[in-house]
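These notes are about the structure you will find just below.
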Amino acid sequence: MTKAGKTRDRLIYLPLGGAGEIGMNAYVYGYGPEGEERLILVDIGVTFPDMDTSPGVDLIMPDVSWLAKRADRLEAIVITHAHEDHVGALGHLWSRLKAPVYARPFTAAIAATKMEEAGQPAEVIRVVGPRPAVVEAGPFKLQFLPVSHSIPESAALIIDTPAGRVLHTGDFKLDGSPVVGERFDASEWHRVAREGNGIKAMICDSTNVFSPQPGRSEATLAAPLAALIASKEGMVVATTFASNVARLKTLAEAGQAAGRSICLLGRAMRKMVTAAVETGVLTDFPKVISPEDAADVSRGNLMLIVTGSQGERRAASAQLSRGKYLGLEMKEGDTFLFSSKTIPGNERGVIRVMNAYSEMGVEIVDDRDGLYHVSGHANRPDLEAVHELMKPAMLIPMHGEHRHLREHVRIATEKGIAAEIATNGTMLDLSGDAPEVVEYIEAGRTYLDGTVLIGALDGVVRERIRMALNGHVLATVILDEEEAPLGDAWVEIMGLPEKGRSGKDLAEAMEAELGEFLENASDRVLGDDDKMDDSIRRIVRQVAVEEIGKKPEVTVVVSRLFVE
């Protein structure tokens, strides 16, 4: 409170996703009186499930409940670039926020498809050019500052507020020759840093803070990729991230130079190339042929560029590893190239695909020597160079696991920059000379499970995991109108062995124990559904523990017959 009793205006930052993890980016900024700030949301992305922690789930998104309750104060949603972890949740969550969406042309094209696929109005997306174009959103003035990354038209976001200028870097690298898209322009960044009172706060990418060597340009891959592909005699198949349009072009040009016809396999890849061509960011892409035509080309004259660099089961690379896909198949003497880095957590899927190709006699080439892939994120020396270039008064690391954020804070503070770790749900006040933690909110996750959105704490996935780990038993009992057992109890088991350690049939052993219970149960127990449920569940689990050493999930059905 001020001396006059009036609540002071403040500038806040609140990550809902992407801070303490890599993926699912969603960052809230606010300015105004405490508790009444006008808000903007920067990015609204997804992360991907795994069978260990989220079996059956299709996508994982940030929980935007806090923001949805304040949707009347949300001025804008701003998308920095078109990677799934920055735009993938837009179509699923926009209906809870209903704010205008701002993006550059290529990003807007991808965002529009997300909205249309989810049945949401794509016309809320507004196309904005790079700086000096300005978007006015309540107390904020926003500009897109072009950066180099592994997808076209990536941008940092300049956020001008009455409390000072914030620079949200988005994902970036220092690349003067990115092949497709804009280069990193140090002179323009320098101008941004020197305007007005400079950069009050820089919210900065931390992905590669532990990589000690300066990052390499995308252009350095052209020669080694061309040499590799020209040296092969059988069919060459290459995979990379579908969104890395520059890499797709480099691979296609290398294949073309080797006299090979080029075929793209994978809906996401074709969609990205189409959007890049239609928005003018991709020109002179080599001619591609359809899978049907590719089947008629000799193996030594064919190159496939396919989706599935992370071992995704439904992507083209995994489909090919299991046999024929769209009439095409891998054979002994062919080569499969991973022009990509395996994201931590995806190792098993990638190794599964590699082993399947190995069994076919296919030569596998990956990026272990660093020849065929470069990162789209700034390495540690590059981050330090940007610190020096921008000279922010304070630095808040984002886009990294906790260890990345911690290391980035350490680097900044050693240079005299005020810095703070803010993981998902941590609200910072950036109004003063140093970031200050002012509140913690619940920042959970939302799952897309089939076609339905569910909360991570709703219990659905937890119960699914329990069934996967422990199996399931359905126990059914019928009681007549006098509450006496009618026939025997019967049991159905799922995900459990048929016989236990005694050699008995597991279901029959459970039924026998339940039969003895029903024969001896008192009228008071037989007449109480809760007591019946508890007793039957306890007996089934007791038999399971004795016979197989597990406590399965149990569903009890007690049916009572009544005479009218």
Counting only heavy atoms from other residues, nucleotides and ligands, does the tally under 6.0 Å from [atom1] of [X] exceed 12?
| X | atom1 | result |
| --- | --- | --- |
| Arg410 | CZ | yes |
| Lys232 | NZ | yes |
| Asp72 | CG | yes |
| Arg194 | CZ | yes |

(request) Write down the atom of Thr413, the atom of Ala419, and the distance for their closest heavy-atom approach. (result) CG2-CB, 4.0 Å

Ring centres under 6.0 angstrom apart ([X], [Y]):
| X | Y | answer |
| --- | --- | --- |
| Phe172 | His377 | no |
| His83 | Phe241 | no |
| His86 | His149 | no |
| His408 | His399 | no |

Salt bridge or not between [X] and [Y]? Use side-chain N to carboxylate O under 4.0 Å.
| X | Y | value |
| --- | --- | --- |
| Arg403 | Glu401 | yes |
| Glu21 | Arg445 | yes |
| Arg131 | Glu195 | yes |

(message) Hydrogens and angles aside, do Asp175 and Ser217 bring a side-chain donor and acceptor to less than 3.5 Å of each other?
(response) yes

(message) Less than 3.5 Å apart, any donor N or O on the side chain of Arg247 or His373 sitting next to an acceptor on the other?
(response) yes

(request) Would you mind reporting whether Met390 and Trp189 have side-chain heavy atoms less than 4.5 Å apart? (result) yes

(message) With heavy-atom distances below 4.5 Å as the criterion, would you say the side chains of Val288 and Cys263 are in contact?
(response) no

(request) Apply side chain to side chain contact (heavy atoms under 4.5 Å, CB included) to the pair Leu74 and Leu41, showing each step before the final yes or no. (result) CA-CA 8 Å; Leu74 182 62; Leu41 175 63; 4.2 Å; yes

Whether [X] side chain and [Y] backbone form a donor-acceptor pair below 3.5 Å:
| X | Y | result |
| --- | --- | --- |
| Arg96 | Lys69 | no |
| Ser148 | Arg183 | no |
| Thr279 | Ala275 | yes |

(request) With Asn25 as reference, evaluate Asp171, Asp85, Thr80, Asp43 under the side chain to side chain donor-acceptor pair (under 3.5 Å) test and give the passing residue. (result) Asp85

(message) Using the rule given for ring pair (Phe, Tyr, Trp, His ring centres under 6.0 Å), can you reason through Tyr29 versus Tyr27, listing the C-alpha separation, both sets of side-chain angles and the distance that settles it, and then say yes or no?
(response) CA-CA 7 Å; Tyr29 292 91; Tyr27 308 94; 7.6 Å; no

